[in-house]
Undergrad: 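Below you will find the structure I want to go over with you.
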Amino acid sequence: MTKNKLVLYNSIKKKKEVFEPLNPPFVGLYVCGPTVYGDPHLGHVRPAITYDVLFRYLKYLNYRVRYVRNITDVGHLERDSDDGEDKILKKAIIEQLEPMEVAQYYTNSYKYQISKFNVLPPSIEPQASGHIIEQQQMIGQILKNGYAYLKNGSVYFDVEEYNKKYNYGKLSGRKIDELLSNTRELEGQDEKKNSFDFALWKRAEDKHIMRWPSEWGDGFPGWHLECSTMSTKYLGEVFDIHGGGMDLLFPHHECEIAQSTAANGKESVKYWMHNNMITIEGQKMGKSLGNFILLEEMFSGKHEKLEKAYSPMTIRFFMLQAHYRSTLDFSNEALQASEKGLERLLNAFQLLDNLPVSEKSSYDIETLKQRAFNALNDDLNTPVMLSHLFDAAKYINSVKAGTESINSSDLASLKEIFNDLLFDIGGLLPDKESSSTDSKLGEVMDILLNLRIAAKANKDFATADKIRDQLQAAGFIIKDKKDGFEWELKN
RNA sequence: GGUCACGUGGCCGAGUGGUUAGGCUCUGGUCUGCAAAACCAGCUACAGCGGUUCGAAUCCGCUCGUGACCUCCA
């Protein structure tokens, strides 16, 4: 176990703080999940992996964690002021499907693709559409407390009134008068007292299919409400950690704070965490910019920006090689560097099973372990943690080569360190992925490459080279191993 | 325009006052029939200018550049 305490950067305090749960050993963790109106892309993976590592590490530290990650399947208005058209509904009209069918399809897609990254499923994965009643109750409470007003069947949050007692903008650092002068004028905003007021409940027009009855008339909940409602329901009025992407900091998280505080009278979140963005050519990868790469494209390599296919573990490792609060720039070069780096670590790990044991160790394993955990404790500094594992890999290789030595207890300790850090906490998988999901192709490759081995054994190098050259020409990469072969498909 | 970040060697990316980050590439070597792979070794950077300091990539100021948010977004 580690000697130092876990320190996390708290966005609302703008500094690192020692993590102390409200009710140890229990920890409540809420993370904003996806809006299910499109196939998951590379950007979705960053928070999934970031908070997966946090979830895993907290559990490793023997906390009992309830991890809630929502599925937004209703209510995200395209614009605050449009005619009640939301993203899921819009997609439904385009595709001529029932809105819930669309939401279900992309929910399944998200869960399936994310699971490939060895991301642990959250404890609870609530859907906004399943919590309409709770959302209405929260609106009722906010109205009762005087921080919302009803207008034409819609309910809006009264930011100005709220700001008299509380502080709207405490997370994002925005000032209410700055917002006033900087908010763009949108059509139909005359319903609201102020442009920065936001919808809690939105009246549904006749043509709007996604609708629920309420005491204010048929409508649907506003876009920030579900997180306040569901975090309160499953984690309580005050809970430990709220995570999400930096792009959600304003207005989404600011509004969440306002809603929860307005309803319950107290600050709901102790630690706010925000992961940074994946960039591509220096720009944020996102749906709206249209520069995203779908996960299935990453896995297949079928995208104009991709030189080859990348496995989920390569991508996971790539993300762990940057700190979660830094932007991470996508490039083929960087991905391929991660691919090789991961392989180096896995090779070293495999060597641990048959390493010559000596009386003494020529390396201080305990210090290595402490440094690696110190890195994790320092706001989940996974890149530094990994750099220590690379040091260990170099040492393992040297023991193998006979230039360094290790004793049996250190060897056991080193195995444990790799298991804990790389697999248990880092969430990587120890097995190298099979080169192809097509097992028939695998069988054929086995036949060909075994023929080649036989030819080599007979010193028939002409045949051996012919097999290799022709396979390479057909787009395969062939690697000879001490006791066999390895191959992969070049994209 | 407002608010806030960031600028590190060929690429990615840690580090925030004095110590080799690390990975990949590249170069050289070892090994193997050859090649690839693997392994070993080498390659010492911090946007610019000024300031603080015994000492700054690290603190302060200015300049330049990039990005995020301000509208849905992970």
Side-chain angles (χ1 to χ4, degrees), chain A residues 14 31-35 37-38 40-51 72 76-82 86-87 90 169 172-175 177-179 181-184 186 196 223 243-252 254 274-279 282-289 292 317-318 321-323 325-345 347-348 351 371 375 378 381-391 393-394 396-398 400-401 403 456 459-461 464-465 468-469 472 477-482 485-486:
Chain A
K14 293 190 173 32
V31 173
C32 292
T35 303
Y37 67 102
H41 59 77
L42 199 54
H44 289 106
V45 181
R46 188 100 195 253
I49 289 177
T50 297
Y51 300 109
T72 299
H76 269 217
L77 291 167
E78 197 159 43
R79 279 201 306 277
D80 205 8
S81 58
D82 68 17
D86 75 35
K87 280 201 162 156
K90 191 177 178 192
S172 60
R174 283 178 165 74
K175 301 272 183 292
D177 41 336
E178 287 170 2
L179 285 169
S181 58
N182 286 316
T183 306
R184 223 195 294 169
L186 297 170
F196 44 66
W223 31 298
M246 272 185 189
D247 49 349
L248 296 177
L249 200 142
F250 188 88
H252 183 60
E254 197 69 67
H274 290 93
N275 62 278
N276 216 319
M277 303 290 106
I278 300 283
T279 58
Q283 270 201 320
K284 173 182 162 181
M285 185 183 287
K287 184 104 181 158
S288 50
L289 288 166
F292 58 93
F317 190 71
F318 172 62
Q321 277 193 294
H323 191 263
R325 284 193 290 115
S326 300
T327 55
L328 175 57
D329 198 49
F330 163 89
S331 71
N332 283 284
E333 213 176 350
L335 254 321
Q336 282 162 34
S338 291
E339 188 172 47
K340 291 190 176 173
L342 175 59
E343 190 171 350
R344 183 177 164 86
L345 285 185
N347 282 340
L351 281 180
R371 284 180 177 162
D378 183 15
N381 197 330
T382 51
V384 168
M385 182 270 276
L386 289 174
S387 79
H388 292 299
L389 290 186
F390 277 110
D391 288 343
K394 182 169 281 190
I396 291 165
N397 289 331
S398 298
K400 169 83 174 172
T403 57
K456 276 169 63 177
K459 307 256 182 225
D460 179 5
F461 299 120
D465 288 353
R468 182 179 65 197
D469 292 347
Q472 278 174 346
I477 299 165
I478 309 301
K479 298 172 190 172
D480 289 353
K481 293 279 167 177
K482 296 170 290 291
F485 51 79
E486 218 173 68

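Computed over heavy atoms, backbone and side chain alike; hydrogens, waters and symmetry mates excluded. Letters A, B, ... mirror the listed sequences (proteins, then strands); counts begin at 1.
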Undergrad: In whole angstrom, what separates A:R325's CZ from B:A68's P?
TA: 19 Å
Undergrad: Checking all strands, does A:L248 fall into the base, sugar-phosphate, or nothing category for heavy-atom contacts under 4.0 angstrom?
TA: sugar-phosphate
Undergrad: I need the CG-C1' distance between A:L389 and B:G22, as an integer number of Å.
TA: 11 Å
Undergrad: Please check the phosphate of B:G15 (OP1 and OP2 only) for any side-chain N or O of A:N381 closer than 4.0 Å.
TA: yes
Undergrad: Could you work out the separation of B:G42 and B:A47 based on their C1' atoms and round it to a whole Å?
TA: 28 Å
Undergrad: Checking side-chain contact (heavy atoms from CB on, under 4.5 Å) against A:F317, which of A:T382, A:L335, A:L386 comes through?
TA: A:L386
Undergrad: Taking B:U58 as the reference, what is the distance to B:G50 when you measure between their P atoms (whole Å, please)?
TA: 14 Å
Undergrad: Would you mind classifying the nucleic acid contact of A:L328 as base, sugar-phosphate or nothing, using non-hydrogen atoms under 4.0 angstrom?
TA: sugar-phosphate
Undergrad: At 4.0 Å (heavy atoms only), tell me whether A:K456 reaches a base, stays on the sugar-phosphate, or touches nothing.
TA: base
Undergrad: What about A:R468, does its side chain sit under 3.5 Å from the base of B:C34 through a donor-acceptor pair?
TA: yes
Undergrad: Using atom C1' of each nucleotide, how far apart are B:C6 and B:G13 to the nearest Å?
TA: 14 Å
Undergrad: Pick the C1' atom in B:U20 and in B:U8, then give their distance to the nearest Å.
TA: 15 Å
Undergrad: Can you see if the side chain of A:K340 gets near the phosphate of B:U25 - specifically, an N or O under 4.0 Å from OP1 or OP2?
TA: yes
Undergrad: Can you work out whether A:P47 or A:K14 has the more 5'-proximal nearest nucleotide on RNA chain B?
TA: A:K14
Undergrad: Which one, B:A37, B:C40, B:G10, comes nearest to the side chain of A:N397?
TA: B:C40
Undergrad: A:Q336 has an atom CD; how far is it from atom C1' of B:C12, in whole Å?
TA: 12 Å
Undergrad: A:D329 has a side chain; which of B:C34, B:C70, B:C12 sits nearest to it?
TA: B:C12
Undergrad: Using a 6.0 Å cut-off, check whether atom NZ of A:K459 has over 12 heavy atoms from anything other than its own residue.
TA: no
Undergrad: Nearest 0.5 Å please: distance from the CZ atom of A:F292 over to the NE2 atom of A:H44.
TA: 9.5 Å
Undergrad: Round to a whole Å and report the spacing from NE2 of A:H252 to C1' of B:A68.
TA: 17 Å
Undergrad: Over how many whole Å does the gap from A:H274 atom NE2 to B:C6 atom P extend?
TA: 16 Å
Undergrad: Using atom P in both nucleotides, what's the gap between B:A35 and B:C31 to the nearest angstrom?
TA: 12 Å
Undergrad: Would you find more than 12 non-hydrogen atoms of other residues, nucleotides or ligands less than 6.0 Å from A:R371 atom CZ?
TA: no
Undergrad: Identify whether any heavy atom of A:A401 sits under 4.0 Å from a base atom; if not, whether one sits that close to sugar-phosphate; answer base, sugar-phosphate or nothing.
TA: nothing
Undergrad: For A:Q472 and A:I477, indicate whether the former's side chain and the latter's backbone hold a donor-acceptor pair under 3.5 Å.
TA: no
Undergrad: For A:T279, answer base if it contacts any base atom (sugar-phosphate contacts may also be present), sugar-phosphate if it contacts only those atoms, and nothing otherwise; contact means non-hydrogen atoms under 4.0 Å.
TA: nothing
Undergrad: Could you please name the partner base of B:C59, counting Watson-Crick and G-U wobble pairs only when both distances are under 3.5 Å?
TA: B:G51
Undergrad: Hunt down the Watson-Crick or G-U wobble partner of B:C4, both distances under 3.5 Å, from any strand shown, or write none.
TA: B:G67
Undergrad: B:C12 P sits how many Å from A:R46 CZ, rounded?
TA: 15 Å
Undergrad: Tell me which nucleotide, if any, is Watson-Crick or G-U wobble paired with B:A21 when both distances must be under 3.5 Å.
TA: none
Undergrad: Give me the distance, rounded to whole Å, that separates B:U27 from B:G61 when you measure between the P atoms they each carry.
TA: 45 Å
Undergrad: Assign A:D465 to base, sugar-phosphate, or nothing according to its heavy-atom contacts below 4.0 angstrom with the strands shown.
TA: base
Undergrad: Describe the nucleic acid contact of A:F461 in one word from base, sugar-phosphate, nothing, applying a heavy-atom distance below 4.0 Å.
TA: base
Undergrad: Mark yes or no for whether A:T50, through its side chain, and A:R46, through its backbone, hold a donor-acceptor pair below 3.5 Å.
TA: yes
Undergrad: Tell me, please, whether A:F250 has A:R174 positioned over its six-membered ring: NZ or CZ under 6.0 Å from the ring centre and within 45 degrees of its axis?
TA: yes
Undergrad: Could you tell me the Watson-Crick or G-U partner of B:C39, where both distances fall under 3.5 Å? Say none if there is no partner.
TA: B:G29
Undergrad: Do the side chains of A:D480 and A:K456 get close enough for a salt bridge, i.e. N-O under 4.0 angstrom?
TA: yes
Undergrad: A:S331 side chain: which of B:A36, B:A41, B:C11 is closest?
TA: B:C11
Undergrad: Sticking with atom C1', work out how far B:C39 lies from B:U53, rounded to a whole angstrom.
TA: 45 Å
Undergrad: Do A:T279 and A:D329 pair up side chain to side chain, a donor and an acceptor below 3.5 Å, judged on atom types alone?
TA: yes
Undergrad: Side-chain N or O of A:K400 less than 4.0 angstrom from OP1 or OP2 on B:C40?
TA: no
Undergrad: Would you say the side chain of A:D480 and the base of B:A35 hold a donor-acceptor pair, judged only by whether the two atoms sit under 3.5 Å apart?
TA: yes
Undergrad: Rounded to the nearest Å, what distance is computed from the NE2 atom of residue A:H323 to the P atom of nucleotide B:U8?
TA: 18 Å
Undergrad: For the C1' atoms, the ones on B:G9 and on B:C49, what distance do you get once it is rounded to whole angstrom?
TA: 22 Å
Undergrad: Using a cut-off of 4.0 Å on non-hydrogen atoms, how would the nucleic acid contact of A:G43 be classed: base, sugar-phosphate, or nothing?
TA: base
Undergrad: Is the distance from OP1 or OP2 of B:A14 to the nearest side-chain N or O of A:S326 less than 4.0 Å?
TA: yes
Undergrad: Let me know, please, whether A:T327 or A:S338 comes out on the 5' side of the other along RNA chain B by nearest nucleotide.
TA: A:T327
Undergrad: Could you please name the option among B:G22, B:G33, B:C69 that lies closest to any side-chain atom of A:F250?
TA: B:C69
Undergrad: Looking at the side chain of A:A337, which of B:G22, B:G23, B:C69 is the nearest nucleotide?
TA: B:G23
Undergrad: If you check every side-chain atom of A:V384, which of B:A36, B:A14, B:G2 has the closest atom?
TA: B:A14
Undergrad: For the pair made of CD in A:Q321 and C1' in B:G15, what is the distance, rounded to whole Å?
TA: 16 Å
Undergrad: May I ask you to verify if any side-chain N or O of A:R344 is less than 4.0 angstrom from the OP1 or OP2 atom of B:A37?
TA: no
